[in-house]
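First comes the structure, then the notes that go with it.
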Amino acid sequence: MDRLGLNQIRELFLEFFETKDHLRLKSASLVPEEDKSLLLINSGMAPLKPYFTGQKTPPHKRVTTCQKCIRTPDIEIVGKTDRHATFFEMLGNFSFGDYFKVEAIKWAWEFCTEWLELPSERLWVTIYQDDDEAFEIWNKTIGVPNEKIVRLGKEDNFWEIGVGPCGPCSEIYYDRGEKYGCGNLDCKAGCECDRYIEFWNLVFTQFDRDEEGNYNKLAHPNIDTGMGLERMAAVMQEASSIFEIDTIKRILDYVCQLSKVRYGKDPKTDVSIRVITDHIRSVTFMVSDGILPGNEGRGYVLRRLLRRAVRHGRLLSIDNTFLSKIAKKVIEISKEAYPELKEREDYILKIIDIEEKRFEGTLEQGLHILEKYMESMESNGVLSSEAAFKLYDTYGFPLDLTKDILEEGGFTVDEKGFKKEMKLQQERARTARKSSIENGWKEEIYSRLSNTIKTDFIGYDSFASNSIIKAVIADNKLVKEAHKGMTINIILDKTPFYAESGGQVSDTGFIKSKNFVLEVYDCQKVNDEIYIHKCNVVEGNIKIGDTCKAEINIANRMATTKNHTSTHLLHKSLKNALGNHVEQAGSLVNSDRLRFDFTHYESLTKEEIMKVEKEVNEIIWKARDVTVLETDMETAKKMGAMALFGEKYGDKVRVIKVDNYSIELCGGTHINNTGHIGMFKIISENSIAAGVRRIEAITGEGLYKYLIEKENILQEINAILKTGDDDIVKKLDFNVKAIKELEKEVQQLKNQLSASSIDDYISNVKEIKGIKYLIAEVDNKDMESLRQLGDKLRDKIKNSLIVLYIKEKDKIVFMSMVDKSAIESGIHAGMFIKEITKIGNGSGGGRKDMAQGGIKDINKINQIIEVIPSIIESQIK
RNA sequence: GGGGGAUUAGCUCAGUUGGGAGAGCGCUUGACUGGCAGUCAAGAGGUCAGGGGUUCAAGUCCCCUAUUCUCCA
């Protein structure tokens with residue numbers, strides 16, 4: 001047995017199954033394409049599901065893959081054990097209704113013993129307890145001795161998930177030798193201890209479980225096998241943990257080199273080293289598949305992995321940003337099998353860097369808050385679970401960090417309470433999810449249809465077609481006919497209607513015959529094979545088999561088409577202006593405008609926007625030719641075509657080429673010369689998520705309308721300001737300045753006015769028990785000037801209580817001020833206002849020296865004036 | 001999808017039971033000054049995210065919306 005490297009084993013496996021007439025497929029993206037039930041690809045067969053369920057026809061009946069996978073449920077354990085990892089690769093061979101048990105078992109054995117040269121005496125197998133067929137093959141055909149075939153129950157060796165295809169499994173184990181064993185007499189394959197390691201699982205999908213729980217035999221059973229590449233490598237290299245496998249070890253060593261911490265010295269730091277080693281692999285691959293750190297879904301998984309890695313980096317006292325350096329190592333090691341890593345290297349490193357820096361900000365904020373908490377804590381105090389949880393939940397500050405810092409200050413934290421809060425939070429989320437999970441499965445009807453009907457799309461060249469109605473669907477059921485007033489879905493044999501995809505909205509239009517008129521408001525496609533026209537029956541009756549004329553709204557299509565070609569120009573121009581890290585992250589193209597989301601780490605400057613806009617317009621004005629050609633993926637890539645993250649491309653791809661400027665894969669509709677676009681204008685630029693910007697732009701007729709709108713506004717302004725376009729800015733500037741100056745002047749005059757009238761007010765001052773008091777109505781004043789007047793009066797009159805009021809339509813507002821010496825005598829403005837406003841059915845309050853209040857019953861003002869002396873008297877000490 | 005925060009001057013942020021919008025930095029002006037963020041003084045700068053409500057009175061309380069951060073799924 002050779003000590004094969006991980007990369008060698010992968011290649012051997014794929015080659016082996018190629019010799020058995022398997023088609024080698026590239027690893028699918030970690031982002032599931034059509035499976036909404038899955039967050040991330042977590043097994044080798046996950047991306048092939050549609051082939052197993054019959055939804056899609058596989059390109060070949062025998063397939064072999066090496067699939068990148070991510071699993072995070074055990075994230076807390078990773079680093080603490082030898083085997084757990086969030087990222088792993090799964091080798092698999094698959095049969096879609098072709099070969100079955102005999103071949104699957106035979107080839108698995110052949111590969112292990114002849115290609116990998118594993119000694120057969122070390123191999124054990126397990127089977128499902130009732131699967132005698134598998135036993136016969138292992139025992140009779142292969143020659144595995146009776147005692148090395150272990151029968152296991154449903155829990156271990158029967159694969160099923162709810163309803164659907166399922167079946168028994170058979171696993172192959174490797175015996176690492178007695179020294180790893182538990183010593184029990186009945187220790188054998190399947191034992192919990194570390195002696196027997198399972199590395200290959202063969203699933204024989206031979207049943208279909210229905211809703212009543214019956215297992216119905218499948219006419220064409222499938223084979224689905226999975227072999228953990230890391231586990232296999234561990235066996236081949238006699239590694240005691242996955243972290244000692246050649247490729248992974250290189251990453252681990254690099255972590256040690258960066259942190260200057262030796263591996264194997266301290267169990268605590270070892271955990272951190274392993275966590276970083278594992279997590280960075282997940283992070284690098286996730287980013288390369290277009291996932292961005294965020295607050296939900298996959299983005300959140302990514303963020304959590306990345307931040308955990310940073311956190312452990314700090315535990316190793318790495319204090320500068322380091323993750324992207326390790327990511328670079330990952331790329332270097334895995335680029336042969338996953339060329340997308342190298343292709344997007346700059347981008348991947350940039351995104352990781354940004355997120356790591358962002359996390360630093362989060363930590364700083366949390367630290368600030370924690371310090372505040374600590375200031376108000378007694379020595380040896382315990383931080384409440386609420387406070388700790390809030391730090392974690394709201395500010396993203398890790399608990400272990402909270403603990404460490406508290407410890408340094410001699411404090412502790414209520415961890416039990418924290419866990420309780422965490423549980424509550426999880427339950428809240430779970431119950432909320434349950435109530436929203438009940439949709440889906442409605443598309444099933446179309447998946448079945450796609451086996452019998454196909455729609456021919458002719459809309460690239462024509463706007464109308466003579467078609468035949470192949471299916472009519474109403475209320476999610478197939479019907480034979482429909483009539484006026486119904487909302488139905490129609491499938492045609494051929495159609496000019498573009499179905500929504502690649503961001504471009506669907507065509508609208510009409511389907512007509514002498515018997516009926518249908519208005520098409522939307523068009524969607526299923527499996528790229530059937531086009532579903534959503535329509536209202538405007539007139540007449542329609543039935544299957546009718547011939548008809550399908551016509552799209554041409555003006556709409558043309559406007560949309562212009563916007564779509566502009567989107568390509570924008571994409572290229574952004575790359576030119578900002579750099580190669582710019583990747584499309586979403587787009588919407590309709591007849592009104594285009595919306596383009598792309599990865600970029602900061603807002604665009606005005607200059608950048610203008611530069612981008614100008615470049616696009618120059619291509620338009622130079623009237624460059626746009627050509628479309630169909631080719632295969634290989635050739636397209638060689639031509640340098642930009643392809644999108646997560647976008648699925650078939651064997652044949654369309655390449656849209658704008659002269660020598662832009663070249664991009666795209667299934668949308670395009671004009672044949674950029675001149676038709678007329679003109680291009682960016683109307684907004686903003687952020688929609690961390691690291692993702694959104695640009696909205698308009699072209700052609702839409703832009704013309706936009707200009708007219710702006711012109712109208714300008715004319716209105718001109719009319720109001722009585723100026724022409726040339727002077728408008730000057731005039732407006734002048735007016736704004738003039739208004740400010742006038743306001744100032746008014747304020748000054750008001751002050752002067754009240755100053756001059758101050759003497760009048762003073763002449764009305766009365767006195768009781770040594771306290772001078774004044775109550776006066778003030779005209780045409782706001783609260784601000786009331787206060788200023790009050791200030792002045794109070795400063796002028798010693799030992800005083802000032803009460804000023806404004807009469808409004810249905811209320812009176814009071815303001816009261818008391819000077820320092822009067823306060824010493826016991827006068828309290830707040831209490832005073834409370835007393836007098838009570839009389840007039842109002843309320844109020846404030847401080848000793850200043851208070852406000854109001855009444856609703858304005859007739860009570862005289863009564864209030866009368867009682868003032870007695871209130872003052874009662875307050876004097 | 002669910003929960004918890006945040007949004008106040010150009011920037012970083014204070015703002016007590018609701019009662020007079022603030023600090024530091026930056027900016028402008030002036031004076032002083034051979035020093036590493038020079039010193040001192042004066043000044044400009046605010047739709048307290050937007051909208052609605054409660055109240056005599058809302059930056060502050062309640063509701064909605066937007067943006068953003070964060071946790072959970």
Side-chain angles (χ1 to χ4, degrees), chain A residues 36-40 72-73 75 293-301 303-304 307 355 358-359 361-366 368-369 372 386-399 418-419 421-439 603 686-692 694 737 740-741 744 782-792 794 804-818 828-834 836-858 860-861 864:
Chain A
K36 291 199 176 84
S37 67
L38 209 56
L39 208 56
L40 290 159
T72 55
I75 189 169
N295 308 337
E296 51 186 10
R298 308 179 244 287
Y300 183 60
V301 174
R303 168 169 285 175
R304 191 153 63 164
R307 292 189 171 191
E355 179 61 16
R358 188 180 292 269
F359 185 48
T362 303
L363 289 179
E364 219 165 277
Q365 178 188 239
H368 187 68
I369 296 166
K372 268 191 176 170
E386 287 86 10
F389 188 69
K390 187 161 188 174
L391 262 172
Y392 177 73
D393 178 61
T394 303
Y395 301 104
F397 199 72
L399 176 68
F418 182 92
K419 276 184 188 147
E421 301 269 359
M422 196 73 191
K423 272 249 165 72
L424 281 174
Q425 157 105 312
Q426 287 172 333
E427 257 156 49
R428 260 200 308 269
R430 236 170 251 143
T431 47
R433 179 149 182 90
K434 257 182 206 153
S435 50
S436 69
I437 211 160
E438 288 143 9
N439 34 13
S603 68
N686 52 37
S687 156
I688 56 162
V692 187
R694 168 171 292 176
K737 276 186 183 145
K740 285 221 162 167
E741 250 163 59
K744 237 186 214 167
D782 50 75
M783 283 310 276
E784 182 59 34
S785 35
L786 207 65
R787 275 187 222 115
Q788 284 184 14
L789 178 59
D791 269 341
K792 281 190 185 127
R794 183 192 53 193
L804 301 174
Y805 64 90
I806 307 169
K807 261 192 194 162
E808 281 176 29
K809 218 167 45 198
D810 51 353
K811 64 180 182 184
I812 292 177
V813 184
F814 291 94
M815 208 271 322
S816 164
M817 292 215 176
V818 178
H828 190 295
M831 299 308 287
F832 177 81
I833 283 287
K834 270 199 177 129
I836 63 167
T837 49
K838 235 183 339 197
I839 296 167
N841 188 26
S843 61
R847 301 187 312 253
K848 279 181 187 172
D849 62 322
M850 208 279 311
Q852 294 169 28
I855 58 171
K856 285 175 176 170
D857 194 346
I858 60 174
K860 289 276 165 58
I861 185 67
I864 287 170

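To find a chain, count down the sequence lines: A is the first, B the second, and so on, and within it residues start at 1.
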Out of B/C71, B/G5, B/G19, whichever nucleotide has its closest atom nearest the side chain of A/M422: B/C71
Would you indicate which nucleotide in B/G19, B/G5, B/C56 comes nearest to any side-chain atom of A/K390? B/G5
Please determine if A/E355 and A/R307 form a salt bridge, counting it only when a charged side-chain N lies under 4.0 Å from a carboxylate O. yes
For B/A57 and A/K811 - does any side-chain N or O of the residue sit under 4.0 Å from the phosphate oxygens OP1/OP2? yes
A/N841 or A/R794: which one's nearest nucleotide on RNA chain B is closer to the 5' end? A/R794
Once you round it to whole Å, what is the distance between P of B/A21 and CD of A/Q788? 11 Å
Quick one: side chain to side chain donor-acceptor pair (under 3.5 Å) pairs with a partner in residues 836-846 of chain A, sequence neighbours left out? none
Which nucleotide, in any strand shown, forms a Watson-Crick or G-U wobble pair with B/G30, with both distances under 3.5 Å? B/C40
Please state how far atom CG in A/L391 lies from atom P in B/U70, giving the value in whole angstrom units. 14 Å
Tell me: CZ of A/F832 to P of B/G19, nearest whole Å? 21 Å
So which heavy atom on A/G854 is nearest to which on A/F814, and how close? CA-CD1, 4.3 Å
Would you indicate, yes or no, if B/U70 has its OP1 or OP2 atom less than 4.0 angstrom from a side-chain nitrogen or oxygen of A/R303? yes
Across all strands, who's sitting opposite B/A66 as a Watson-Crick or G-U wobble pair, both distances under 3.5 Å? B/U7
Taking the side chain of A/S843 as its heavy atoms from C-beta onward, which of B/C56, B/G19, B/G4 lies nearest to it? B/C56
Among B/G19, B/G5, B/C71, which is the nearest nucleotide to the side chain of A/Q852? B/G19
To the nearest angstrom, the CG-P distance between A/L789 and B/G20 comes to 17 Å
Among B/C69, B/G5, B/C56, which is the nearest nucleotide to the side chain of A/Y395? B/G5
Of all heavy-atom pairs between A/G845 and A/I833, which one has the smallest distance, and what is that distance? N-CG2, 3.7 Å
Is the distance from OP1 or OP2 of B/G3 to the nearest side-chain N or O of A/T394 less than 4.0 Å? no
With C1' as the reference atom in both, quote the distance from B/A21 to B/U33 in angstrom, rounded to an integer. 36 Å
Selection from B/C56, B/G20, B/U70 that lies nearest to any side-chain heavy atom of A/D791: B/G20
For A/M422, is the CE atom crowded, meaning more than 12 foreign heavy atoms sit under 6.0 Å from it? yes
Looking at the side chain of A/D393, which of B/A73, B/G20, B/C71 is the nearest nucleotide? B/C71
So, using side chain to side chain contact (heavy atoms under 4.5 Å, CB included) as the criterion, who are the partners of A/K811 when residues are at least two apart? A/E808, A/V813
In terms of side-chain heavy atoms of A/V813, which of B/C56, B/C69, B/G5 is nearest? B/C56
Measuring to OP1 and OP2 of B/C69, would you say a side-chain N or O of A/R358 lies under 4.0 angstrom away? yes
Here the distance between atom C1' of B/G19 and atom CG of A/L786, to the nearest Å, is 13 Å
Whole-Å distance between B/G19 P and A/D849 CG? 13 Å
Nearest-Å distance, CG (A/D810) to P (B/U55)? 13 Å
P gap between B/U54 and B/C62, integer Å: 15 Å
When you get a sec, tell me which of B/A73, B/G3, B/C56 is the closest nucleotide to the side chain of A/Q426? B/A73
d(CG, A/L424; C1', B/A73) in whole Å: 15 Å
